[in-house]
Structure formats: C-alpha cells, structure tokens
Amino acid sequence: MLHSLYIQNYALIEQLDIDFSSGFSVITGETGAGKSIILGAIGLLLGQRADVKSIRQGASKCVIEARFEIAGYGMRSFFEENELEYEDECILRRELYASGKSRAFVNDTPASLAQMKELGEQLIDVHSQHQNLLLNKEGFQLNVLDILAHNEESLSAYQALYQEWKEAQQALEELKSTAEQNKADEDYVRFQLEQLEEAHLVAGEQEELEQEADTLSHAEEIKAGLFRAGQTMNDDEGGLLVALKECLSTMSGLQKVYPSAGELAERLESTYIELKDIAQEISGKEDEIEFNPVRLEEVNERLNLIYTFQQKHRVSTIDELLALAEGYAAQLLNITSSEEQIEELTARCETLYDNVKEQAAVLTEARTTAAREVEKQMAARLIPLDMPNVRFQVEIGERKEPGVHGADTVNFLFSANKNGALQSISSVASGGEIARVMLSVKAMIAGAVKLPTIVFDEIDTGVSGEIADRMADIMQEMGDRDRQVISITHLPQIAARGRAHYKVYKQDNETETNSHIRRLTEEERVEEIAHMLSGATLTEAALNNAKALLRG
C-alpha cells in the first residue's frame, strides 16, 4: 500500500509530506485546491511523461517520492528480473529538472521509465473520470474477462503461438515476393552466369597474364640485356670469370708462404662457383626469351576478356568475378528451389494457424465461463445501487481472423429499465450509471488482482444521496480486504465513511499560492463534512447531520 508521499516544488506545491492510512480513506477539498496536482505527481511516479512547466516557478528541480509497503504481494521476481534491489518497503522517486532532464529511481537505484511504469502498475491503480470511457473499449472489456478467468498463462501461451504464426506469415510473403522477383530475373541471371562460366576464369591468372604480356612486349630488350650480361661474365678476353679465376690461382700459389692467402682463396673459389652458376642461368634465360607475336596476341585477348568482364560488373579482380558467379549460381538455385520452400513454409503456416485456433478456443471457453460470472456479479452489485431492473450481458463474438488477444470480440450490453433493449453500454448508460457500473467492475476485478492501492478520482460524479452511500459501502468493503482504497470525493456520504480523512486546501501569502494536504482530526472532520452539506455557512443542523453520517 501507499505508505507516504513527498512532493517538492511541483506546480503549486512547495513542499508536502503526508502519511496515508490502510483501508478506506477519503480526500476532500474545494475545486482547484490541488487534488489534481497531487494525482499528477503520482502519475509521474507511474512513468508518465514529464513537463518542465510543472516545476514550481523559480525552482530548478522538483522531487516526487512515494513509499509503498509491498510485503506479501509477490513482487520479488520483478526486482530480480530487472536487477533491482528488493525490500519490503519500495521507494519510487522521480526528479524533474528545469533543463528538461528527468531521472527515475527505484529503491535509490536508477531505473528506466518503462521499469517504473511496469512496477507502478502493480502498486497502484489511479481511476480518474476519463477512465470511465474505458467501458466503451473492447480491449478493456476483454481484459476484465481475462482477469476474472485467470487467463494469464493461457493468454501468454496463445500470444507466443500467435507471434510465431505472424512471423511465419511474414516470412512466407517475403519468400513469395522474392521468388516472383527472382523468376522475372531468371533469364538475366542465367545469361550472366553462363558468360562467366564460359570464360573459365582462374584465380590468380590475371597477374600471371599481365606479367607474361610485359615480358613478350619487351622480348628483344630483355634478350639483348641478358646477352650483354652473359658476355661481361664469360668473355675470354677480360671477362669477369676469367679475371676471377686468375685471382684464385694467384691466392692459391701464395698460401704456402702466406697462410692467410689460403682463406682468401677459399672465399674466391666460392664466389667463382656462384658467379659461374649465375652466368649459366643468364645464358639459359637468354635462350628461353624469344619474340612470339602469336602468343602475345593470345595473352592480350585473354586480358581484354577479363578487363571487359571487370568493367561490365564494376569490379577490379578475378576473385570478385568468381564471387559474382557463385552469387548468380546461388540465385538460380533459389529460383529452382523456391517453389519447394514456399510449399514447406505454407504447410508450416497452416499448422501454426491450427495451433493458434486451438489455443484461442481455450481462451474462448474460459472467457465464456467468466462472462456468465461477470453477468451474475454485475447484476448483484448494480441492483443495490438503485438499478432494480438492471440487465447486464457479456456478448462474445468471433473475429474474422485471430488477433493478438485471441479470436474473440467482446461487448458489454446494458439496460437499466424493464422495457429497455440491451445495447452497448456506451450507447445507453448515463454519466451516473457509467460511474456505478465502473465502480462495480473495479470492485469485481479487485478481488481477482493483488493490487495494493486503488485511487478513485471523483468516481461518484453524477450520483448523490442513497446511491452515494451504497457506493461508499463498496469502496469501504474493497478497502477492508488487505487493500488500500483512497477516494477523492465531493460527496459527504462517501467522505464520512473513510477510516482516514485528508483535506487538500490552498493558502496565499504576499507573493504566492501554496497547495497543502493534511489529515483531519475527528472534530475537523465534522466541520468539513458539515461544510460539504451546507456550504460556507455552518449550521447546527449541518453539524448534527455530519455527526450522524460519521456515526453511521
């Protein structure tokens, strides 16, 4: 339950720190006193978007903090899944800065607004007047049935199947679209692949051919150079090898009288052998080189073919051309095998659809049973609220195609009169009737959901007298079931039933207006309820009437 609320620098609130009681409590105050401001602050703790305009004028930031007692509500798993520290007292804090920044904390640990919203929905339900419009929404009506049917696991299993089915459907549509496009491109792809395959491209051949073309183009120059090098080494008159051999002979002759010459002779001999081998290789290469215009033309033609393919496909290497060929081959394989893939995926979609329909039927059965219980409970709750002839029916239909929440359509039908035809509740219910229906719905589902705190914001609009008293009975009963119920009300019949009574009021000073809230004493409650009965002027009759209401 909501244990305490602290607000600083929010709208007309400079500072507010209030503790709340368990059970059924009421909040009263004049219109414009600041009740909606307090609800707005609570909304920020529930993950609503922040507006810097809500920061009190002149302040750099505002802070809203609430403490909730959550022991016994089974929320530990949420904290573990979100890596937040769990304590029996949960603290939600929101900080808004004039710069536009906003920060959220759960138990003093930074949290996202999504986390705060998810947690807040498990802690407190704020029912404002505009929520009465939810009665017109099929999604809300369907959710009521699911809550009463305890469909959490069945709905989760259905939605998992539904998601799988929709993904398979999307994959099938994409496959069909791709296959259709590929079929249109088949002739083009096949032609491109055949051209590349007929070229018999080999990895690395471009570099080899380009080198061969250079050699063939400069054959005479290369051959002349090799010849000159060979002559320099092998010439009988002054050739390099002849001179080196004479040096070797001289060193060999000196080694008897000069031992160091022997070492030099060995080195010269090694050099001679190496140079002689080089001279022979030069001679061999000279014999290999010959001008061959036929081969040069063949090489250039092959290179021109490769260059043409590269230019056509906007690549620069044979490896890229080979990769293109592989891609074309894979595309053709997809084209030829797409029909088989489409058949397989179509069969899978049909199987998943059958599974979805089967699980949807489980939901339908549970909802149908819950619908009869809803009809029974709603009649029992609405008859005491001055609707003796009420008829309430839950109409369940079938959707053309299963949706994310199942295959059912739901419509709440209502008639408050004996001779009135059952129609959609939004079409026939008045404002006061809507308020009573919505309170009955909230009371009904409160027994099925472990929700610590429910706040009713003027749910009693449009009712008065004995009906208000009976609505107070319902809210008081809800607050007695290990649950905290807080009602913001203008009706003295409801205000008198609260275990605790809080008043919101404004005070002016020389420069500003401040909103405050405080818990009333028993004497103050008598006066507050008397004012609600008689207006600004307190009469003895109003005071006696207020005391009678409080005793009742």
For this session: Any chance you could lay out the side-chain hydrogen bond (donor to acceptor under 3.5 Å, both in side chains) test for Glu118 and Gln122, step after step, and finish with the verdict?
Result: CA-CA 7 Å; Glu118 184 179 353; Gln122 300 178 55; 4.6 Å; no

Problem set entry | Intermediate values then yes/no, salt bridge (Lys or Arg N to Asp or Glu O under 4.0 Å), Glu477 and Arg497 | CA-CA 11 Å; Glu477 180 188 356; Arg497 302 294 286 276; over 6 Å; no

For this session: I would like to know whether Asp108 and Glu85 meet side-chain contact (heavy atoms from CB on, under 4.5 Å); could you show each step before the answer?
Result: CA-CA 9 Å; Asp108 292 325; Glu85 184 178 352; over 6 Å; no

Exercise. Stepwise, does the side-chain hydrogen bond (donor to acceptor under 3.5 Å, both in side chains) test hold for Lys166 with Gln169?
Worked result: CA-CA 5 Å; Lys166 296 303 287 184; Gln169 276 192 319; 3.3 Å; yes

For this session: Begin with the C-alpha distance, continue with both residues' side-chain angles, and end with the deciding distance and a verdict on side-chain contact (heavy atoms from CB on, under 4.5 Å) for Glu522 and Val526.
Result: CA-CA 6 Å; Glu522 290 305 312; Val526 173; 5.9 Å; no

Exercise. Does the salt bridge (Lys or Arg N to Asp or Glu O under 4.0 Å) test come out yes or no for Lys117 and Glu121, once each step is laid out?
Worked result: CA-CA 6 Å; Lys117 184 176 187 297; Glu121 288 174 348; 2.6 Å; yes

For this session: Given salt bridge (Lys or Arg N to Asp or Glu O under 4.0 Å), test Glu398 with Lys357 step by step and report yes or no.
Result: CA-CA 11 Å; Glu398 185 177 357; Lys357 293 283 285 184; 3.4 Å; yes

For this session: Decide yes or no on side-chain contact (heavy atoms from CB on, under 4.5 Å) for His490 and Lys35, but give the supporting numbers first.
Result: CA-CA 11 Å; His490 287 296; Lys35 300 186 294 295; 3.9 Å; yes

For this session: Start with the C-alpha gap between Leu148 and Gln377, add the side-chain angles, then the distance that decides, and say whether side-chain contact (heavy atoms from CB on, under 4.5 Å) holds.
Result: CA-CA 11 Å; Leu148 271 294; Gln377 284 200 40; 4.2 Å; yes

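Using modelled atom types and a 3.5 Å distance limit, the side chains of Asn107 and Glu87 yield no donor-acceptor pair. Between the side chains of Arg499 and Ser22, a donor-acceptor pair is found at a separation under 3.5 Å. A donor-acceptor pair shorter than 3.5 Å can be found between the side chains of Gln170 and Glu174.
Between the side chain of Gln393 and the main chain of Glu375, no donor-acceptor pair closer than 3.5 Å is present. Proximity of a side-chain donor or acceptor of Arg381 to a complementary backbone N or O of Leu439 within less than 3.5 Å is not detected. Between the side chain of Ser36 and the backbone N or O of Gly32, no donor-acceptor pair lies under 3.5 Å. Using modelled atom types, one side-chain atom of Ser515 and one backbone atom of Ala33 make a donor-acceptor pair closer than 3.5 Å. The backbone N or O of Gly139 lies less than 3.5 Å from no partner atom in the side chain of Asn143, so there is not a single donor-acceptor pair. Listed for the Arg67 side chain is no donor-acceptor partner under 3.5 Å among the backbone atoms of His3. Of the possible polar contacts, none joining the Lys61 side chain to the Ile55 backbone as a donor-acceptor pair under 3.5 Å is found. Side-chain N or O atoms of Arg525 include one that pairs as donor or acceptor with a backbone N or O of Ala495 at under 3.5 Å. Checking side-chain atoms of Ser177 against main-chain N and O of Glu173 turns up no donor-acceptor pair under 3.5 Å. Side-chain atoms of Thr409 come within 3.5 Å of backbone atoms of Gly397 as a donor-acceptor pair (strictly under, hydrogens ignored).
In plain terms, the two heavy atoms of Gln359 and Ser154 that are nearest each other are NE2-O, 3.2 Å. Ala407 and Tyr158 make their closest contact through N-OH, 4.4 Å (heavy atoms, listed as atom of the first residue, atom of the second, distance). Looking at every heavy atom in both residues, Val26 comes nearest to Ile494 through CG1-O, 3.5 Å. In terms of heavy-atom proximity, Val441 sits nearest to Phe140 at CG1-CZ, 4.0 Å. Taking every heavy atom of both residues into account, Ala370 and Leu145 meet most closely at CB-O, 3.7 Å. Shown here for Leu385 and Ile467, the closest heavy-atom pair between the two residues is CD2-O, 4.1 Å.
Exactly one of Gln15, Arg56, Gln507, Lys506 qualifies for a side chain to side chain donor-acceptor pair (under 3.5 Å) with Asn514. That residue is Arg56. The residue from Leu12, Val504, Leu16 that alone fulfils the side chain to side chain contact (heavy atoms under 4.5 Å, CB included) condition with Ile37 is Leu12.
Other residues, nucleotides and ligands place more than 12 heavy atoms under 6.0 Å from the CD atom of Gln423. Residue Glu89 places its CD atom among more than 12 non-hydrogen atoms of other residues, nucleotides or ligands, all under 6.0 Å distant. Atom CD of Gln57 has 12 or fewer neighbouring heavy atoms from other residues, nucleotides or ligands inside a 6.0 Å radius. In the displayed structure, Glu152 atom CD is contacted under 6.0 Å by more than 12 heavy atoms of other residues, nucleotides or ligands. The environment of Glu512 atom CD is dense: over 12 non-hydrogen atoms of other residues, nucleotides or ligands sit within 6.0 angstrom.
The CG atom of Leu123 sits 10.0 Å away from atom CG of Leu45, with the distance rounded to the nearest 0.5 Å. Remark: Glu523 CD to Thr521 OG1 distance equals 4.5 Å, nearest 0.5 Å. Within the model, atoms CE of Met471 and CZ of Phe456 stand 8.5 Å from one another, a figure rounded to the nearest 0.5 Å. Expressed to the nearest 0.5 Å, how far NE2 of His501 lies from OG1 of Thr489 amounts to 9.0 Å. Summarising the geometry, atom CD belonging to Glu395 is positioned 12.0 Å from atom CG belonging to Asp408; distances are rounded to the nearest 0.5 Å. One distance of note links CG of Leu44 with CG of Leu113; it measures 9.5 Å at 0.5 Å rounding.
No side-chain heavy atom of Asp386 sits less than 4.5 Å from a side-chain heavy atom of Glu466. Within the 4.5 Å cutoff, the side chain of Val52 has no heavy atoms near those of the Leu96 side chain. Contact check for Met532 versus Thr28: side-chain heavy atoms found under the 4.5 Å cut-off. In this structure, Asn411 and Glu138 have side chains that are not in contact, with every pair of non-hydrogen atoms separated by 4.5 Å or more. Side-chain contact check for Ile13 versus Ile38: some heavy-atom pair is nearer than 4.5 Å. No side-chain heavy atom of Pro384 sits under 4.5 Å from any side-chain heavy atom of Asp473. Put simply, the side chain of Glu164 reaches to within 4.5 Å of the side chain of Arg348, judged on heavy atoms. Within the 4.5 Å cutoff, side-chain heavy atoms of Tyr97 are placed close to those of Arg103.
By the 30° and 60° cut-offs, the orientation of the rings of Trp165 relative to Tyr353 is tilted. Using the six-membered ring where Trp is involved, Phe392 and Phe414 have ring planes that are perpendicular, over 60° apart on the 30 and 60° scheme.
Ion pairing between Lys503 and Glu524 fails under the 4.0 Å rule for side-chain N and carboxylate O.
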